[in-house]
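A, B, ... follow the sequence lines: proteins, then strands. Residue 1 opens every chain.
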Amino acid sequence: MAGHHMKKDEDFGEWYNDIVERANLSDKRYPIKGMNVWTPYGWRIMRQIDQFIREELDATDHDEVCFPLLIPETEFQKEKDHIKGFDAEVFWVTHAGLNELDVRMVMRPTSETAMYPMFALWVRSHTDLPLKTYQLVNTFRYETKMTRPFIRVREIHFFESHTCHVDYDDAERQVDEDFSILENLMDRLCLPYLLLKRTDWDKFPGAYYTVGIDTYMPNGRTLQLGSIHHYRDNFSKPYEIRYENAEGEWEYVHQTTYGMSERLVGAVVGVHGDDKGLVLPPDVAPFQVVIVPILKKEHYDEINKAAADLLSQLKKAGIRAHLDDRDDRPGSKFFDWEIKGVSLRLELGLHDIQNDVVTYARRDTGDKGSFPPTETVTSVTSILASIKADMRARATESMNSGIVIIDSMENIPESIVKFGWCGDEACGHALEERTELNILGTPRNDETFQGRCLVCSRETSTVAYAARTM
RNA sequence: GGGGCCGUGGGGUAGCUUGGUAUCCUUCCAGCUUGGGGUGCUGGUAACUCCAGUUCAAAUCUGGGCGGCCCCA
């Protein structure tokens, strides 16, 4: 063994940092805390995810836009709760050249206040609605806690969709559409998730309500991947986004937003990885298949040719395949691609050629087997499909077994907990103060429950979820 | 806001108490060797966070800056 590496279930935090570095996903040596460089392999994964987001949002009639990074302080301050929520964590541009600016500018922490003054100009009539836009950009938040690649950074790559609707119910239908987009994305990433309506004191600043999207990390903590918000007319009033209805009356639009960030990459790393390295879901793997030729003197040409044939078959079928023709030992290449999480490895040596087979090894389970070269594309396609299905099933099982019902604030397990909650803010705060838990909220999809509030013991039919968060 | 710890090649480290030649592993480059789970050998590139002070001499001692990490509120 070359060097000692961290075990995932012994020290998850160290393991995570180690794996990100060894798989070369990100270079955190850039001299600003929390602003890391996307290296080619990591960026390929992010781009793959971005591509799925574009496909999903385009298919549901959203239009991609791109707004400026800077927001004048005067616009930023229009919605009172919003500015209060972000005041302490934005970067300010205070100078331009040698001049101090009269009106300072905020580097967007999110784009409501950049977009909505423009929406007010774009929306005139009910025929302009719904307005469905999205953008993929970087945002900036001044994190003071310890930063961590993809999970807590100061420059955040994310997508945000912003929609405007004629009324509350139409915005509500948008929220439902967002949930189905979410399911499609999470299926490709093989990630389980919880949809929880955040408490009033934890909702997005300015939102009418917020649904958090949380996944479960192997250290027993949850990681918020994104959120879906219904704003009602909370923003349209201060920004004056109005339309003329069919009767000729002016009405304020109802708005929604939906955002998820590069934390998706962090979740893929954390949820699926193992002690050997990354395990990438086939849909996001930069290489789904790697071919490692097992060379032997006197047979170089024969083996290389067979490997090249294999590669071109796979590429023609649209499978992201890579031939590792580096002048290195096979064993060393195996370790390399395991760190990088490539879903399926194909080995091709003299033995295989003589027996007319291709040997494969699954990254997720380590299972090995073989298939005839004439059936390469169908075999690979079906193995990749079962890797995807198995990865999601395992991750879902792991999260579900990490959800525990509690009826006492003593001996709280390192997992997600469910408990009765009377709904009072005071009881919620009491719980958060007396434990290390954060209340994640109540289920978006109703769950039947009958019990007592964990704090005040009053009878309640409301169940709440809480966990330690990443 | 309060306290503590730490900055040595690309990455990880030894050396610091007691000042003098900077260690080892890995990566990278060249060559040969090898090839079904990290081949072996030879050679090479590459570092003391910055500024000031003490000293014949500072990675090492003193002060300050910058940067990082941890704990507590």
Strictly below 4.0 Å, heavy-atom distances to any atom of RNA chain B: list the hits from residues 346-358 of chain A, or just say none.
A:Glu347, A:Gly349, A:Leu350, A:His351, A:Asp352
I need the residues from residues 361-372 of chain A with at least one non-hydrogen atom less than 4.0 Å from RNA chain B; give them sorted by number, or say none.
A:Lys368
Look at the side-chain N and O atoms of A:Arg345 and state whether any lies under 4.0 Å from the OP1 or OP2 oxygen of B:rG37.
no
Taking the basic N atoms (NZ, or NE/NH1/NH2) and the acidic carboxylate oxygens, is any pair closer than 4.0 Å for [X] and [Y]?
X: A:Arg188; Y: A:Glu55; result: yes
X: A:Lys340; Y: A:Asp336; result: no
X: A:Lys305; Y: A:Glu302; result: no
X: A:Asp274; Y: A:Lys276; result: no
X: A:Arg452; Y: A:Asp407; result: no

Atom pair distance, as rounded to whole Å: [atom1] in [X] and [atom2] in [N]:
X: A:Asp328; N: B:rU27; atom1: CG; atom2: C1'; value: 13 Å
X: A:Asn24; N: B:rU27; atom1: CG; atom2: C1'; value: 12 Å
X: A:Glu143; N: B:rG68; atom1: CD; atom2: C1'; value: 17 Å
X: A:Arg329; N: B:rC41; atom1: CZ; atom2: P; value: 13 Å
X: A:Asn17; N: B:rG68; atom1: CG; atom2: P; value: 15 Å
X: A:Glu436; N: B:rA73; atom1: CD; atom2: P; value: 11 Å
X: A:Phe334; N: B:rG35; atom1: CZ; atom2: C1'; value: 11 Å
X: A:His299; N: B:rG36; atom1: NE2; atom2: P; value: 14 Å

Using atom [atom1] in both nucleotides, what's the gap between [N] and [M] to the nearest angstrom?
N: B:rC32; M: B:rU21; atom1: P; result: 39 Å
N: B:rG9; M: B:rA14; atom1: C1'; result: 14 Å
N: B:rC48; M: B:rA58; atom1: C1'; result: 11 Å
N: B:rG10; M: B:rU34; atom1: P; result: 35 Å
N: B:rG40; M: B:rC66; atom1: P; result: 47 Å
N: B:rG31; M: B:rU45; atom1: C1'; result: 16 Å
N: B:rC16; M: B:rC72; atom1: C1'; result: 30 Å
N: B:rU27; M: B:rG19; atom1: C1'; result: 33 Å

Choosing from B:rG35, B:rC69, B:rG38, which nucleotide comes nearest the side chain of A:Asp336?
B:rG38
Compare the minimum distances between each of B:rU39, B:rG35, B:rG37 and the side chain of A:Phe335, then state the nucleotide with the smallest one.
B:rG37
Watson-Crick or G-U counterpart of [N], or none if no pair lies under 3.5 Å:
N: B:rC69; answer: B:rG4
N: B:rC16; answer: none
N: B:rA57; answer: none

Can A:His429 and A:Glu425 be counted as having a side-chain donor-acceptor contact under 3.5 angstrom?
yes
Are A:Arg198 and A:Phe204 in a cation-pi setup, meaning NZ or CZ lies under 6.0 angstrom from the ring centre and within 45 degrees of the ring axis?
no
Given the options A:Arg54, A:Arg47, A:Met46, A:Leu136 meets side-chain contact (heavy atoms from CB on, under 4.5 Å) only with A:Arg54
With a 4.0 Å cut-off on heavy atoms, is A:Lys297 in touch with a base, just the backbone sugar-phosphate, or nothing at all?
sugar-phosphate
Under 4.0 Å between any heavy atoms, over every strand shown, what does A:Asp327 touch: base, sugar-phosphate, or nothing? Just pick one.
base
Show the numbers, then the answer: is there a side chain to side chain donor-acceptor pair (under 3.5 Å) between A:Tyr231 and A:Thr257?
CA-CA 8 Å; A:Tyr231 288 167; A:Thr257 62; 2.9 Å; yes
Approximate separation, where rounding is to 0.5 Å, of A:Glu112 CD and A:His82 NE2
5.0 Å
With a 6.0 Å cut-off (strictly less than), is the heavy-atom count around OH of A:Tyr41, excluding the residue itself, greater than 12?
yes
A:Lys33 NZ: over 12 foreign heavy atoms closer than 6.0 Å:
yes
Heavy-atom closest contact (A:Thr39 atom, A:Asn24 atom, distance):
OG1-O, 2.9 Å
Along RNA chain B (nearest heavy atom to each residue), the more 5'-positioned of A:Ser332 and A:Tyr300:
A:Tyr300
Base B:rG37 paired with A:Glu338 side chain (donor-acceptor, <3.5 Å)
yes
Give every pair of a protein N or O atom and an N or O atom of nucleotides 7-14 of chain B that lie under 3.5 Å apart, one pair per line with the distance.
from   : atom 1 : to      : atom 2 : distance (Å)
B:rG10 : O3'    : A:Arg29 : NH1    : 3.0
B:rG10 : O2'    : A:Arg29 : NH1    : 2.3
B:rG11 : O2'    : A:Glu21 : OE2    : 3.2

Tell me, do A:Pro281 and A:Val268 make a side-chain contact under 4.5 Å, heavy atoms counted?
yes
